[in-house]
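Both counts, for ligands and for their atoms, begin at 1 and track the order of listing.
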Amino acid sequence: RTLRIGLIPGDGIGREVIPAGRRILEALPTSLGLKFSFVDLQAGFETFEKTGAALPDVTVETLKTECDGALFGAVSSPSTAVKGYSSPIVALRKKLDLYANVRPVKTAGEKGVKPIDMVIVRENTEDLYVKEERTFDDATGRGGKVAEAVKRISEFASHRIATMAGEIALRRQKIRDAEGAASSSIHSQPMVTITHKSNVLSQTDGLFRATARAALAAQRFGSVAVEEQIVDSMVYKLFRQPEYYDVIVAPNLYGDILSDGAAALVGSLGLVPSANVGESFAIGEPCHGSAPDIQGQGIANPIATLRSTALMLEFLNEEEAAAKIYAAVDANLAEGKLLSPDLGGSAKTEEVLQDVLRRL
Ligand code: NAI
Ligand code: MG
C-alpha cells in the first residue's frame, strides 16, 4: 500500500518538526509493506503575507484529490485581528469535515512521573464554535450592550463523536491485549467518560449526554464501561487523579479546555500529539504552536510530531506501523538520556530524531 501524505509545515518550529515526521515514515521497516509519497503544501501566516491567503485553494484541493492523510505543523496567529486572515487549521477541519479532534495524553515510563494514559475525543464541528454571535442594546433599561452566542448540539454529531470514542476504547484494549501488557489504566475494562453540564444546560448538553449514552449502548461496545461526569468536577479529578481516565468524549468547548489542561500533565507541550479525523482522512498535528521563542535554534522537541505521525497512521488503519513509532519514542523518553531542552536535556531536534530512528 502506498500512502500519499501532504506536508504542511506552516510557521516557526513547524518547519523544524514536520521534516521529522516525514523521516520517521521513510524509516519504517519495509516488512510492513507500506510505502509513502509526499507533497509539500503551504499554509500559515507567512503564506498569508506572501499570497494573501492563509490556506491557498491549491492546498485544500491537493489534500482532497491526491492525499490519504497529512501532517500539519503549526501556524502563527497574530494576537490582534488582521484583515483577511483566519486560522487555516480551523478552515481545513471544516473543508475536509474532520469532525473529531483526538488527543492522547500519555506518559512513557519517564522516571519520577506518575503513569497516565488517556485519550480525549473532542467534537470539532459545533457547540459554541459555530460562531453565531450577536451584540445588541440591553433592552431591560440598565443601559449598555448585551452579547450572546448560539450553542448548537446535534444528535447526528453527538452520535458520531461518541461512536468514535467507543471505537478508540476498543482499539486501545485490543492493543493492550496484543502486547499482553498490564494496562496502565487502573480499570480492568476499557472505559469511556462522557463529559457534559446537563445539570444546567438540560437541552443542549442534555442531548449530547443522552445521545452519547445511546451510541455507546450499541452491542459492539458491550465490553466498554460507560460513565459520565459533569465538566467542572471532571477538571478537578483530571488534575487530582489523571490515571483514572481512559477515553473521554466531550462537546467542542469542554473538549478544547480539557485537552489543553490534560496536556499540562505530561511535562511539555513538545510531547503531546493530536489528530483531526474524518470518515476517510486524518491530519496529524502537534498540539504546540509555532514557538517563536525557540524558532531557528534547532532545539524544538520533535516528539509531539512523531507521535502525531503515528496517530495519523492509526486512523489510516496502519496500527502496526503506528505502534512501532510509539514504541521507539517511548523508549527514548523512558531512557531519558537524549532529551531536548524543554525536558531538561540539551539534545537538538536532530539528535532526538536520530535516537528515535535508531530505536525504530
Ligand atoms: P507555543 O505552543 O508556540 O509555545 C509555548 C511554549 O512552549 C514556548 O515557550 C515554546 O518554546 C514551548 N514549546 C512549544 N512547542 C515546543 C516544542 N516542540 N519543543 C520545545 N518547546 C516547545 O504557544 P504560544 O507561544 O502561545 O504561541 C506561539 C504562536 O503559535 C502564536 O502565534 C500562536 O497563535 C500560535 N499557536 C498555534 C497553534 C496551532 O497552530 N495549532 C496552537 C497554539 C499556538
Ligand atoms: Mg486549544
TODO: Identify, for atom 13 (N) of ligand 1, the protein heavy atom at the shortest distance, and state residue, atom and that distance.
DONE: Ala291 CB, 4.2 Å
Task: atom 41 (N) of ligand 1 [closest protein heavy-atom partner, distance rounded to 0.1 Å] - done: Glu285 OE2, 3.0 Å
- [ ] Specify the protein heavy atom at minimum distance from atom 29 (C) of ligand 1: its residue, its atom name, and the distance to 0.1 Å.
- [x] Ser290 OG, 3.2 Å
Task: Lys145 NZ/CZ over Phe136 ring centroid, <6.0 Å and within 45° of normal - done: no
Open item on the list: Strictly below 4.0 Å, N to O, side chains only: are Lys337 and Asp355 in salt-bridge contact?
Closed with: no
TODO: Could you grab the distance from atom CD1 of Ile194 to atom CG of Leu216, nearest 0.5 Å is fine?
DONE: 5.5 Å
- [ ] Would you mind checking which non-hydrogen protein atom is closest to atom 32 (O) of ligand 1, with the distance to 0.1 Å?
- [x] Ser77 N, 2.9 Å
Open item on the list: Geometry only, no angles: is Asn301 polar-contacting ligand 1 at N/O separations under 3.5 Å?
Closed with: yes
TODO: Starting from atom 6 (C) of ligand 1, locate the nearest protein heavy atom and write down its residue, its atom name and how far away it is, to 0.1 Å.
DONE: Leu269 CD1, 4.5 Å
Open item on the list: Closer than 4.0 Å and a protein heavy atom, does any atom meet both conditions relative to atom 24 (P) of ligand 1?
Closed with: no
Task: Geometric N/O contact Gly270 with ligand 1, under 3.5 angstrom - done: no
- [ ] Provide, to 0.1 Å, the distance between atom 16 (C) of ligand 1 and the closest protein heavy atom, together with that atom's residue and name.
- [x] Ile13 CD1, 3.9 Å
TODO: Give a yes or no on whether a salt bridge exists between Glu167 and Arg172, defined as a side-chain N under 4.0 angstrom from a carboxylate O.
DONE: no
Open item on the list: Tell me whether ligand 1 is touched by Ser340 - counting only heavy atoms on the residue side and a distance under 4.0 Å.
Closed with: no
Task: Nearest option to atom 43 (C) of ligand 1, as decided by whichever heavy atom of Ser76, Gly289, Pro78 sits closest - done: Gly289
